[in-house]
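Order of listing sets the numbers, starting from 1, for every ligand and every atom in it. Only this structure's heavy atoms are used, side chains among them; waters, hydrogens and symmetry mates stay out.
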Amino acid sequence: MRPKWEQDLIRSEVFHWLARRAETTGRSTYTREELSNFEFHGQKIPLLDQSRGIRNPADFEATLSVMTSADRKGNPYADIDIGDGLIRYAYREGDGGDNVKLRRAAELRVPVVYFEQVKIAGPFYAHFPMYVHDDPGARMVTLAFDDDIRFQIELSGMPAAERAHAERTILARLHQPRFRDIVMTAYESRCTICNLGHLRLLDAAHITPDTDPNSIVHVTNGLAMCKIHHAAYDAKLLGINADFEVKINQDLLEETDGPMLEHGLKDMHGQKLRKLPNEKKYWPDRDRLAERFKAFVG
Ligand SMILES: [Zn+2]
């Protein structure tokens with residue numbers, strides 16, 4: 001077994017690596033090959049198990065990652081509802097085995113990565129850090145983003161330089177925006193208005209603004225939008241009605257200008273939303289859209 005501090009350090013390195021990779025590639029997905037080639041100090045530590053849904057490195061006390069494949073027939077253990085950011089994951093048959101380390105992750109309160117494959121043979125989305133909550137009665141665990149639980153890294157015994165690095169890495173990941181994460185997953189990182197697919201140019205927009213007490217952290221209160229369309233939505237220059245139709249402010253429609261105005265904005269007028277989540281239950285809430293649309297109409 002590796003020392004506890006080293007296990008913690010590797011865990012935080014995994015989060016750091018996933019985040020950095022998403023920033024440099026502009027993609028929010030990872031191929032199986034990429035995930036199999038993660039290295040820590042030159043030593044390969046695959047982040048996915050070859051054949052199982054739970055990745056339990058032999059020299060780790062607790063689970064490192066949990067995965068669901070798009071082929072549910074091969075994976076009867078998971079019941080996923082990303083809508084509220086919770087993932088329910090059933091124990092494997094029998095006692096012992098993979099369950100021991102999964103339940104240990106709950107006891108130790110160490111964060112895990114949840115890899116979600118949306119399409120068969122497709123790449124994986126990574127959700128992290130997620131915490132495991134054990135429900136032995138139901139023989140299942142729930143994975144959740146907990147804003148109030150902090151990764152308690154065991155700092156005693158960790159060399160000073162590595163401790164400083166670990167603290168920085170963990171701090172950077174603490175406020176992993178859960179809302180952005182679930183919205184980007186549902187919209188496959190594409191702008192709902194124009195279909196732009198560059199993660200770095202995308203925001204998770206709220207339909208009911210988060211300053212409103214009726215706002216909720218749920219995918220149905222979100223829309224993936226590129227920066228310009230998000231800004232236009234917030235500035236009431238662009239509206240979306242309950243039928244998922246895009247409207248552009250009348251003054252803008254009467255203006256003549258360069259390609260951003262002509263194509264980026266005016267051409268969107270009267271169009272339907274171009275990108276919606278594959279599953280209807282994740283589509284934008286029509287009542288919330290209608291309420292927000294009133295503000296656009298003025
Ligand atoms: Zn856009």
How are the rings of Phe15 and Phe128 set to each other: parallel, tilted or perpendicular (split at 30° and 60°)?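 Rings of Phe15 and Phe128: parallel, under 30°.
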
For Lys294, give me all partners under salt bridge (charged side-chain N to carboxylate O under 4.0 Å, His left out), at least two apart in sequence or on another chain.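 In terms of salt bridge (charged side-chain N to carboxylate O under 4.0 Å, His left out), with neighbours along the sequence ignored, Lys294 is linked to Glu291.
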
Residue-atom pairs from the protein, N, O or S only, that lie under 2.8 Å from the Zn ion (ligand 1):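 Listed by chain and number, the nearby protein N, O or S atoms are Cys191 SG, Cys194 SG, Cys226 SG, His229 ND1.
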
Around atom CD of Glu33, are there more than 12 heavy atoms of other residues, nucleotides or ligands at under 6.0 Å?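 Incorrect, the count does not exceed 12.
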
Looking at Leu64 and Leu47, what are the two nearest heavy atoms and their distance?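 Residues Leu64 and Leu47, closest heavy atoms: CD2-CD2, 4.1 Å.
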
Linking directly or through intermediates, with side-chain heavy atoms under 4.5 Å: list the remaining ILVMFWY members grouped with Met140, chain and number order.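 None, because no other hydrophobic side chain comes under 4.5 Å of this residue.
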
Using links of under 4.5 Å between side-chain heavy atoms of ILVMFWY residues, direct or through other members, which residues join Phe293 in one cluster?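 Noted: Phe293 shares its cluster with Phe296, Val297.
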
